[in-house]
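Below is one structure; the comments refer to it alone.
Only this structure's heavy atoms are used, side chains among them; waters, hydrogens and symmetry mates stay out. Just so it is clear, the model here is predicted, and its values are computed rather than measured. Naming: A, B, ... by sequence-line order, numbering from 1 per chain.
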Number of protein chains: 2
Amino acid sequence: MSQRFSVAVHILALLASEPSKLLTSEWIASSVNTNAVVVRRLLGLLRRAGWVKTRAGREGGFELAVDPSALTLREVYQAVEEGRIIGIHAAPNPRCPVGSCIGAALGSVVASAQEAMLAELGKRSLADVVKELSVRRERKG
Amino acid sequence: MSQRFSVAVHILALLASEPSKLLTSEWIASSVNTNAVVVRRLLGLLRRAGWVKTRAGREGGFELAVDPSALTLREVYQAVEEGRIIGIHAAPNPRCPVGSCIGAALGSVVASAQEAMLAELGKRSLADVVKELSVRRERKG
DNA sequence: CGTATCTGTAACAAGTACAGTTACTGCGTG
DNA sequence: CACGCAGTAACTGTACTTGTTACAGATACG
């Protein structure tokens, strides 16, 4: 199962909690506990979406380029995790009355289920996540 | 991506549209356009859930054992497709203020998103699917 | 009673997706 | 120019899913 959404939110939360600071992929990778290339791959997607700015070369790194309260988790999910959640079998028998229509019927079911999930993600912004992190941190002491 | 849910609904729709008839895995497989063993594997899960009855041996096969209007797509999904939709990276750095809390914060986000999806699937029953199939069939002529 | 037919299930192969890793190019600062 | 960083291609290992073969057990039928 893909962890891209999870890691992407982690990365964005890091960038949001260190605004206008350049973080290197190596530094981010040590927080996520993964390889720096994995981080750069994901940040490539976020950069193309316009949410992150990059500076190459010495003293380079990544920084957030949007207001965290204007970026929903739905957008993040859709940027890094493409396609459908629920697979539909491709080629049922068209000569069977069920087989010939099940694809279309399931398509609408799956679409509405996926939209419900995305709508729920759309209720939360990156700022909400950052805020929740600080609350949880305080609780720990 | 797993197509088990999709195929399971297809199979259940077949059984529901031929009530009190025994359908063989071979016959079902030809409608789904897959191998009979794949069908039997899925039907094993549905049998253990109590929704399908089996008769082995000659003249054997599968038949529905529940009222289609009492079986929601949510139940079917959960029977054949276990685990979470969205993965969470397992071991972020506990010494990082973000890394130490991101798992819990993401957990609640992912749980609510998944619940929203399941709730949407819970709005539809197998009977709804069968009804939609017959509507689509009529539209085709 | 034997045979044909069907389920149940194990075992294996093939395809696919993802994370991790190495290696390299190119950019930009000091 | 050298160092440190992003960007990206390529390869590996692992895990999951589907498809397939094989076979044991069950059951109706002649």
>> From CZ of R47(B) over to P of dT7(C), roughly how many Å is that when rounded to an integer?
In response: 11 Å
>> Within the structure provided, determine whether L42(A) and R4(A) are in side-chain contact (heavy-atom separation under 4.5 Å).
In response: yes
> For the residue pair E26(B) and A36(B), what are the closest heavy atoms and their distance?
Replying inline: OE1-CB, 3.7 Å
> Does the D128(B) side chain pair with the main chain of S125(B), one donor and one acceptor, at a distance under 3.5 Å?
Replying inline: yes
>> Regarding E115(A) and R74(A), does a basic nitrogen lie under 4.0 Å from an acidic carboxylate oxygen?
In response: yes
>> Just the rounded figure in Å: distance from C1' of dA6(D) to NZ of K53(A).
In response: 17 Å
> What pair of heavy atoms forms the shortest contact from S100(B) to K140(A), and how long is it?
Replying inline: O-NZ, 3.3 Å
> Can you check the F5(B) CZ to dT17(D) C1' distance for me, whole Å?
Replying inline: 18 Å
Every protein N/O lying under 3.5 Å from an N/O of nucleotides 25-30 of chain D:
unit_1  : atom_1 : unit_2 : atom_2 : d
dT27(D) : O2     : R58(B) : N      : 3.1

>> Testing the basics here: between A116(B) and E120(A), what is the closest heavy-atom pair and its distance to 0.1 Å?
In response: CB-CB, 3.9 Å
> Over its full length, what angle do the end axes of the helix from dC1(C)-dG30(D) to dG30(C)-dC1(D) make, each axis taken from five pairs and the result rounded to 10 degrees?
Replying inline: 0°
Restricting both atoms to N or O, compile the protein contacts to nucleotides 12-19 of chain C shorter than 3.5 Å, with distance only.
unit_1  : atom_1 : unit_2 : atom_2 : d
dC18(C) : O5'    : R4(A)  : NH1    : 3.4
dA19(C) : OP1    : Q3(A)  : N      : 3.1

>> Under 4.0 Å between a side-chain nitrogen and a carboxylate oxygen: does that hold for E63(B) and K53(B)?
In response: no
> Are a donor atom and an acceptor atom from the side chains of H89(B) and T34(A) found within less than 3.5 Å of each other?
Replying inline: no
> Charged N to carboxylate O below 4.0 Å: is that the case for R137(B) and E132(B)?
Replying inline: no
>> Nearest whole Å is fine: how far is dA24(D) P from R40(B) CZ?
In response: 15 Å
> Starting at CG of L46(A) and ending at C1' of dA6(D), how long is that distance when rounded to a whole Å?
Replying inline: 14 Å
> Where is the tightest heavy-atom contact between V98(A) and A13(B), given as atom of each residue plus distance?
Replying inline: CG1-CB, 4.2 Å
>> Judged by each residue's nearest nucleotide on DNA chain C, which is more toward the 5′ side, V37(A) or S25(B)?
In response: S25(B)
>> With a 4.0 Å cutoff (strictly under), does any side-chain N or O of R48(B) reach OP1 or OP2 of dT9(C)?
In response: yes
>> Can a donor-acceptor pair be found, under 3.5 Å and without considering hydrogens, that links the side chain of N93(A) to the backbone of V32(B)?
In response: no
> Atom CG of L42(B) to atom C1' of dT17(D): distance rounded to whole Å?
Replying inline: 11 Å
> Within this structure, what is the CD-to-P distance between E26(A) and dG7(D), rounded to whole angstrom?
Replying inline: 14 Å
> Rounded to whole angstroms, how far apart are CD on E63(A) and P on dC5(D)?
Replying inline: 16 Å
